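A quick write-up on the structure given underneath.
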Amino acid sequence: MKVKLKVWRQKNSQSKGEFKNYELDNVSSDMSFLEMLDVLNEELIKKGEEAVEFDSDCREGICGACSCVINGQAHGPDKASTTCQVYMRVFKDGDTITIEPWRAKAFPVIKDLVVDRSAFDRIQQAGGYTGAKTGPHADANSTLISKPLADQAMSSASCIGCGACVAACPNASASLFTAAKISQFAVLPQGQPLRADRVIKMVERMDQEGFGNCTNIGECQAVCPAEISISNIAMMKREYARAIAQPPRQEVRDEA
Amino acid sequence: MIQLNSNIPEGSIDKKWSDHKGHIKLVNPANKRKYNIIVVGTGLAGASAAASLAEMGYNVQNFCIQDSARRAHSIAAQGGINAAKNYPNDGDSVFRLFYDTVKGGDFRAREANVHRLAECSVNIIDQCVAQGVPFAREYSGELANRSFGGAQVSRTFYARGQTGQQLLLGAYSAQMRQVEAKKIQLFERREMLDLVLIDGKARGIIVRNLVTGKLERYVGDAVLLATGGYGRIYYLSTNAFNSNCNAIWKAHKRGALFANPCYTQIHPTCIPVSGDYQSKLTLMSESLRNDGRVWVPKNKSDVKKNPAQILDEDRDYYLERRYPSFGNLVPRDVASRNAKMVCDEGRGVGESGLAVYLDFRDAIKRDGKKTISEKYGNLFDMYQRITNENPYEVPMRIYPAVHYTMGGLWVDYNLMSNIPGLHVLGEANFSDHGANRLGASALMQGLCDGYFVIPYTLGHYLASNTLTKVTTDHPAFTEAENSVQDQINKIMAAGKKGTRTPNEIYRTLGKIMWDHVGMGRTAQGLQKAITEIQKLRNEFWNNLKLTGSDQDFNKNLEIAGRVADFLELGELMARDALHRNESCGGHFREEYQTPEGEAKRDDENFCYVGAWEFKGVGKDPVLHKEKLEFENVHLAQRSYK
């Protein structure tokens, strides 16, 4: 099939950027979306032009690197899939496909479709851990965790850190991402010692990074490749209320 | 003259590691903050090492190619991690895990290293649980287990089909805590392009900032490489797009010996190739072989038939037939070669004829769709997404694909290479898996190296050596940086001259490697590979087409740099395979096989680690042999019948 592409080109973070149009023939429906971009890039290089830059790594939906807004939807039209898991069979011959990077103040564009998501790592480093250090620990089975609870924690832990939730949210909120990690640890016995500190610090870091606030729209859940539920956000908000209602710990209060 | 000393401690195999820990030198807690340690890579081995060392008090500088440390390819590992806990009470023990791994490696691994791995495996699970890794649980609240290839016990711990992700996120959480505490400085979007030696010791690295293109210098008291495997030399593999051999290859060119490069693992269950544009092969976890049954039609005339219409008596469940004891759970090299064999006979299925069936019909009938979905849900979804076929209703089509590399930089018992101060962890080193890695043991090795070995052995190195204070102004840094810039300038210049893009040349290299240095190797094919690689290397430097600038984000320039290194490593792999006149594990020389088509080892002449010394591009490398002694496991023809 033949496809028409409108691709966002931006030289660097200081440049304005604009859409450029391309046409691609002989696209196989078994090709993945990124393989289609590879083919476009090979043609551009042969013509002496600069290739379209985009992030990718595992190309199988787990690393969270790939990050295109395709026809206005983060990660394209399929549910629970990443950009690299979109296959050209979801498009028709002659379709126009608009390709953009994640749009959010907290994710500045580096070049073309590549953005800077380091804000996500800075949220994690504020509290996304149990605090356990490397060394001998109690036998793994001495901490009993019921299967439903383990499954719930696993569902929250499946977040791949791609940022689609931010891209899809009209407020560019990072709530789903932050809530997923907070919720994973809030329900596990290992997460209890730092439970209050964690939610306060991570929420405050999330706010400092320039993300918007959550107003319960739900676009995030709709595009999440890992199918993280917005019930995680509800849990984060409850956890936060519970944490700040506790008698203040001096270190945490001082940082506020 | 390079002397290979494995530094294996004396004593009985089950006491070597604990005695070693009791006697090695330590760095006083208050002195640790005086040391700077460079860790390249943030996968399981790199993240666990960086986090553990920082927690101990060392200052760590940690580098990764991706935009976030959590995207290292360990994230994609699916099926599970082995540990000798014996929770299922089915006969597992440290000794049995040790034995299975040595046998699985076809008696080409270092016994002492493997035993240590088995000993530490139990601590790894405890560590991960303490970090909040959400392993699968039974209804009792205890950890669940499943079986993997090459073992007759259920010793694998897992988190759905995303175990690598959860283990990496556990290590990443500890790593990020240290970043916040400013004990780890994390440098993302950096690619290591050279190693800096001062007074013969590893003291620093040169990296390229992948956003600005600038070259940067970093100095340390030791350098740890945890940069993964080189399977992407085959272009099509289960590895990530950015996986490469740059760091270890550059270290090799600076003097680090490269051991057993020809030991590459081809995983039997991957989604088959569907077109020339394909950029990677997707793994279907080995854990699926717990419940899936592998088969091809008995008759060639049935290969294009709808599998639902092929009756059981017309199906050849060839693994169950040939290996009654292990059935579908034979080790990977055995399963891969059998798949190739039946396809070569003309009984392969799918459009290309290069596929076999992995069928869940009987498991679904026995356990119900819900149970199967709980165990493998995400894997089935992944398969359907890619092929547009529903594995709950039709059998999966699978074919072997390059997945892991057992070879890597040579290290001693302390995980140090022959270059003092240069330590190598995880898949990047050669040590524990011999000629074939068992499933669920890569995750085990990466974490063992990072959590439980290097924190001890690095201290021993630091406390045993006087390290003069150096800065990045040292002439060795200038020389290395100039050498890297030179290479980049050469690539940019070459890229203006020709017609073939880096990816085109890369694909050609991948095909040469797959055809001649793949599942079945012959002397003739390997010679051909060497000649063709040399020709292709010449073409790379004289007929390349590249656009953009090196002072910018330029993915194709990165690829070109990686291909340049692969074009040298490929030759070494072929030479290694050519010199090793035997078959063992993943290295199969068609000239050396048993009458049943199994690998035929030559223990009298080849029971050693082949460690190669770089002598210059285009010059013959020099082979050093580390003889392998097997005192605890009886050398035998590996049988899984």
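Naming convention: chains lettered A, B, ... in sequence-line order (proteins, then strands); numbering from 1 in each chain. Every value quoted in this text rests on a predicted model; they were computed, and no experiment measured them.
Note: Tyr129(A) OH to Leu169(B) CG = 15.5 Å, rounded to the nearest 0.5 Å. A distance of 10.0 Å separates CD1 in Ile125(B) from CG in Asp139(A), rounded to the nearest 0.5 Å. With values rounded to the nearest 0.5 angstrom, Ser274(B) atom OG is found 9.5 Å from Met31(A) atom CE. Going from atom CD of Glu60(A) over to atom OG1 of Thr238(B) covers 7.0 Å, rounded to the nearest 0.5 Å. Atom CG of Asp126(B) is separated from atom OG of Ser142(A) by 7.5 Å, given to the nearest 0.5 angstrom.
Heavy-atom distances place the side chain of Val211(B), and not its backbone, under 4.5 Å from chain A. Residue contact with chain A, scored on non-hydrogen atoms closer than 4.5 Å, involves the backbone and the side chain of Asn388(B) alike. There is no contact between Lys496(B) and chain A, counting heavy-atom distances below 4.5 Å. Of the two parts of Gln165(B), only the side chain, counted from C-beta on, holds a non-hydrogen atom closer than 4.5 Å to a non-hydrogen atom of chain A.
With respect to chain A, the highest number of heavy-atom pairs below 4.5 Å among Met382(B), Arg177(B), Lys545(B), Glu142(B) belongs to Arg177(B). Residue with the most contacts toward chain A among Glu374(B), Gln166(B), Gln278(B), Glu504(B): Gln166(B) (heavy-atom pairs, distance under 4.5 Å). Between chain A and the residues Ala174(B), Gly275(B), Gly495(B), Ser68(B), the largest count of heavy-atom pairs under 4.5 Å involves Ser68(B).
Contact of the Phe135(B) side chain with the Ile145(A) side chain is not registered, since no non-hydrogen atoms from C-beta on lie closer than 4.5 Å. Using a 4.5 Å heavy-atom cutoff, the side chains of Phe120(A) and Asp67(B) are not in contact. In this structure the side chain of Thr134(A) never reaches within 4.5 angstrom of the side chain of Met56(B), judged on heavy atoms.
A cation-pi arrangement is present between Lys147(A) and Tyr139(B) under the rule of less than 6.0 angstrom and at most 45 degrees off the ring axis.
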Gln131(B) and Thr130(A): CA distance, side-chain angles, deciding distance, side-chain hydrogen bond (donor to acceptor under 3.5 Å, both in side chains) verdict: CA-CA 6 Å; Gln131(B) 288 171 337; Thr130(A) 62; over 6 Å; no
Going through the distances and angles, do Ser279(B) and Arg59(A) end up as a side-chain hydrogen bond (donor to acceptor under 3.5 Å, both in side chains)? CA-CA 8 Å; Ser279(B) 57; Arg59(A) 297 208 174 187; 3.1 Å; yes
Step by step, would you call Lys555(B) with Asp38(A) a salt bridge (Lys or Arg N to Asp or Glu O under 4.0 Å)? CA-CA 11 Å; Lys555(B) 200 51 133 184; Asp38(A) 287 341; over 6 Å; no
Might you work through the side-chain contact (heavy atoms from CB on, under 4.5 Å) test for Asp116(A) and Glu188(B), ending with a clear yes or no? CA-CA 11 Å; Asp116(A) 177 353; Glu188(B) 297 104 330; over 6 Å; no
Arg70(B) vs Asp121(A), test: salt bridge (Lys or Arg N to Asp or Glu O under 4.0 Å). Steps then yes/no. CA-CA 9 Å; Arg70(B) 62 173 291 161; Asp121(A) 293 291; over 6 Å; no
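Panel note: side chain Gln66(B), backbone Asp57(A); no donor-acceptor pair is recorded below 3.5 Å.
At a cut-off of 3.5 Å, with distance as the only test, a side-chain donor of Arg160(B) or Ser155(A) sits close to an acceptor on the other residue. Under 3.5 Å, the side chains of Tyr277(B) and Asp30(A) contain no donor-acceptor pair of N or O atoms. A donor and an acceptor atom, one from each side chain of Thr501(B) and Glu42(A), are located under 3.5 Å apart.
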